[in-house]
Amino acid sequence: MKDIPTHYDQSKESEIYKLWEESGYFNPDNLTGEPFTIIMPPLNANAPPHVGHALGLTLEDIMIRYQRMLGKKTLWLPGTDHAGLETQVVFEKKLEKEGRSRFQMTREEFYKEVWDFVQLNKHITEEGIRRLGASCDWSRNTFTLDPKIVEIVYDTFRQMHSVGLIYRGNRICNWCVKHQTNLADLETKYIERTDPLYYIKYGPFVLATVRPETKFGDTALAVNPKDLRYKKYIGQEIEAMGLLGPIKLKVIADEAVDQEFGTGVVKVTPAHDPADYEIWMRHKDEIPGPKQVIDSRGKMDLPGTKYHGLKVAEARKIVTEDLQKAGLIEKIDENYKHNVQVCYKCGNIIEPLIMPQWYMAMTKKFRVGSLGLGDNLKSKNSNLQSLRDMGVEAVKNGGTKIMPERLEKVFMHWMENIRDWPISRKTWWGIPIPVWYKGDEIKISETSPGDGWTQDPDTFDTWFSSGQWPYATLMVHGEKDFETFYPTQVMETGWDILFFWVARMIMFGLYKTGEVPFETVYLHGLVRDKDKQKMSKSKGNVVDPLGVIDQFGVDALRMALTVGNLPGNDLPLSEDKVRGYRNFANKIWNASRFVLQNTEDFDTKTKLTPDDQKILGELAELVKDITKLMDKYDFAHASENLYHYFWHTFADKIIEESKTKLASPGTKKSTQLMLITVLETSLKLLHPFMPFVTESVWQQTHKDLLIIQKWPKDLH
RNA sequence: GGGUGAUUAGCUCAGUGGUAGAGCGUCUCGUUUACACCGAGAAGGUCGUAGGUUCAAUCCCUACAUCACCCACCA
């Protein structure tokens, strides 16, 4: 005991983790009590964990460790995600560096290489999770491509297809030319650009457009029905000179046309503009259908003309020149500011294209009780519902509570405006769509139904599988798990994937099981650098959590990510902050060292002096406060209060004052008992936040593990 | 265009209807046998602006300003 080192040694952390893991207490099968479950958001298996993962894992671990100490049967189920498009993009960048491209490979070769890449990263990711101290149950570790998971994903697809909630639609979609796939609206963003606005003559009209190159795909002209200037033309067919000869276009009236914009006349190009596509949908009977003039590589698709094969940007230049030569351009406004839709990954302009994709109907009503999906669903709902309504209802009536509360409004707003979700992607890396075609026939099957059948070439949007994560992970480890642990208690994740993931999990969960997948959604913010800048590789301000751990220890990082971090708020992280908590870890170590060295002969039967009773009374108050905060998921304040108490009350005052009390025979015994009580209680309270240093201290004098000690309640 | 959040000490942020707190930083002092990854102490804020409600507002209400973010089919 006398030879406790004067500094806390972080390098022993991995030994402590091994001790816990081998104890079996990460596995709920070895625990009793009421279940408490968190499903870990599966980490993308394409790169080592970043500091955002560290934040999430820390918060989840705090919750789990606290609940375990409360005596619950805690399950924290870890997992990794194949992360379809994300991983494919990462891997293609790697190929590019090597001077290769997936288009020089067969799809099978590519898949095999990505598979190996992901297996390697999966391992690295899992080691990272361990280093952060995550007390999760590795025996239930799950990967999104595990065959049993894929089976459930297929099962859901089959079910939803059979009731018309999943359908194939040939409609306009967001096409990324670079990634060669369609994207959901959520996977695109808008950037402001200044482009020339061309005023082009169309027979008797002049109209404004930024995309003259799409004029070959025009199928109509549109004006606002209230626009008196053009009233007489509505329903008429006008003739105009085009670059490829004369054209005839019908003039239609549509509310979507803004009289104030340009000249109040719009060309309708349904094949290459979402708004125009919608106009066509409303006027299907009056005007011809979409006419495609741009292909999936972003090149003009006009065989037999001089424009064929030109990239869109080049085509725009040449078409403009030709229009000018033909005297068809009235004027050009060079400073037109507008928003352009781009790919969220590469920033390239989205090329809207029409092609068949699979969709999930979010607002379509279906008779819930008639699906034969399970007793829960049948008994609770027998009315007509849509996936959207189910989700909205669950959050509104508190079945699922969103933290922070303000994000509930954001959730509702998004749900109210939700559109059908494109669930298929042209990505090669992913779960293949289990659909086969032969002529007009369609069959849903994992394997080929026989000769002459070809499989749908697409894969699922990653969120289609991860959206089913809460029940899927619990179903693949035996029926008992699902019964015991579903619905789960908490889903802890970043607010940035509230729509991508959380909303979909809620809807999938309700559809498939009749119950919300989790009671509380705890949404953490974004970790930023010390100057509150977003971390990004290009800025070079990315904090590597494993590097920080090497330097300051896991506990220090965990505290830096916890103190002052309220749900939904972004968190600036600086080295100074982490260093501060490294110092705190050392403070814990040394205060413990003092107490342990001076209380070897303490006696639990000692009668406490009034002074020491008062100290323990205050400690009891602290326990009450901290417990209340923990139950409210307010870890920011719980950790801050503990920090303050341990350092400035326990170490600075109680321990300092104990030095004279220990020296006096009359108060020595009472002081010893008081000190050891305060220390051990503090270690327990601190354990969820700083598991390593607290367990290290505990191990100095105990044979059992701190990890399963009972959370302090009554001190006597 | 719609929406949300923020605006409190040099910095990062808590907080409460009754004239403000923490951490870090700064300054002064201290080589005390747990710890210098330390201790004792100090300085530092008209709580964004203008109104309103109230006996009383930093906290409630209304505008405004600035910043940040989210959503959205301006051709």
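Note on naming: letters A, B, ... go to the chains in the order of the sequence lines (proteins, then strands), and numbering restarts at 1 for each one. The figures here come from the full heavy-atom set of this structure, side chains too, leaving out hydrogens, waters and symmetry mates.
Side-chain N/O atoms of A:R406 include none lying less than 4.0 angstrom from OP1 or OP2 on B:G3. Not one side-chain nitrogen or oxygen of A:W495 sits closer than 4.0 Å to the OP1 or OP2 atom of B:C70. OP1 or OP2 of B:C74 has not a single side-chain nitrogen or oxygen of A:Y336 nearer than 4.0 Å. For the OP1/OP2 pair of B:A34 and a distance below 4.0 Å, the side-chain nitrogens and oxygens of A:K659 include at least one atom meeting the criterion. In terms of phosphate contacts, A:H648 brings a side-chain nitrogen or oxygen within less than 4.0 Å of OP1 or OP2 of B:G23. Between A:N339 and B:A72, a side-chain N or O to OP1/OP2 separation shorter than 4.0 Å is absent. Using a 4.0 Å cut-off, no side-chain N or O of A:N586 falls inside it from OP1 or OP2 of B:A34.
One can find a donor-acceptor pair under 3.5 Å joining the base of B:C35 and the side-chain atoms of A:K587. Checked by distance alone, A:E656 brings a side-chain donor or acceptor within 3.5 Å of a matching partner on the base of B:A34. Remark: the A:K189 side chain and the B:A72 base include no donor-acceptor N/O pair separated by less than 3.5 Å.
The minimum heavy-atom distance between A:A271 and A:I172, with the atom names listed, is O-CD1, 3.8 Å. Considering all non-hydrogen atoms of both residues, A:Y522 and A:L566 come closest at OH-C, 4.5 Å. When all heavy atoms of A:L596 and A:E600 are compared, the closest pair comes out as O-CG, 3.5 Å.
If you take CZ of A:R579 and P of B:C38, they are 11 Å apart, rounded to a whole angstrom. The CG atom of A:L407 sits 14 Å away from the C1' atom of B:A68 (whole-angstrom rounding). Between the CD atom of A:E640 and the C1' atom of B:A14 there is a distance of 6 Å, given to the nearest Å. The distance between atom CG of A:D496 and atom C1' of B:C71, rounded to the nearest whole Å, is 15 Å.
Residues A:S639 and A:R558 fail the side-chain proximity criterion, which asks for heavy atoms closer than 4.5 Å. Proximity of A:K669 to A:D601: side-chain heavy atoms (C-beta onward) are separated by under 4.5 Å at one or more points.
Electrostatic pairing of A:R419 and A:E278 counts as a salt bridge here, judged by a charged N lying under 4.0 Å from a carboxylate O.
With C1' as the reference atom, B:G44 and B:A56 are 27 Å apart, rounded to whole Å. Going from the P atom of B:G10 to that of B:C47 covers 13 Å, rounded to whole Å. Between B:U16 and B:A72, the distance separating the two P atoms is 34 Å to the nearest Å. B:U58 and B:U7 have their P atoms separated by 15 Å, with the value rounded to a whole Å. B:G23 and B:A9 have their P atoms separated by 16 Å, given to the nearest Å. Taking atom C1' on both nucleotides, B:G21 is separated from B:U8 by 10 Å, rounded to a whole Å. Comparing the C1' positions of B:G18 and B:C70 gives a spacing of 38 Å, expressed to the nearest Å.
No contact: A:L571 has no heavy atom under 4.0 Å from any strand. No engagement by A:F584 is indicated, since no non-hydrogen atom pair under 4.0 Å with the nucleic acid exists.
Taking every side-chain heavy atom of A:K409 into account, B:U4 is the closest of B:C73, B:G39, B:U4. Considering only side-chain atoms of A:H7, the nucleotide from B:C37, B:C13, B:C70 that sits closest is B:C37.
Using N1 to N3 plus N6-O4 or O6-N4 for Watson-Crick, or N1-O2 and O6-N3 for G-U wobble, each under 3.5 Å, B:A57 pairs with nothing.
With the nearest nucleotide of RNA chain B identified for both A:F650 and A:R528, A:F650 has the one nearer the 5' end. Each of A:D652 and A:F594 has a nearest nucleotide on RNA chain B; the 5'-most of these lies closest to A:F594.
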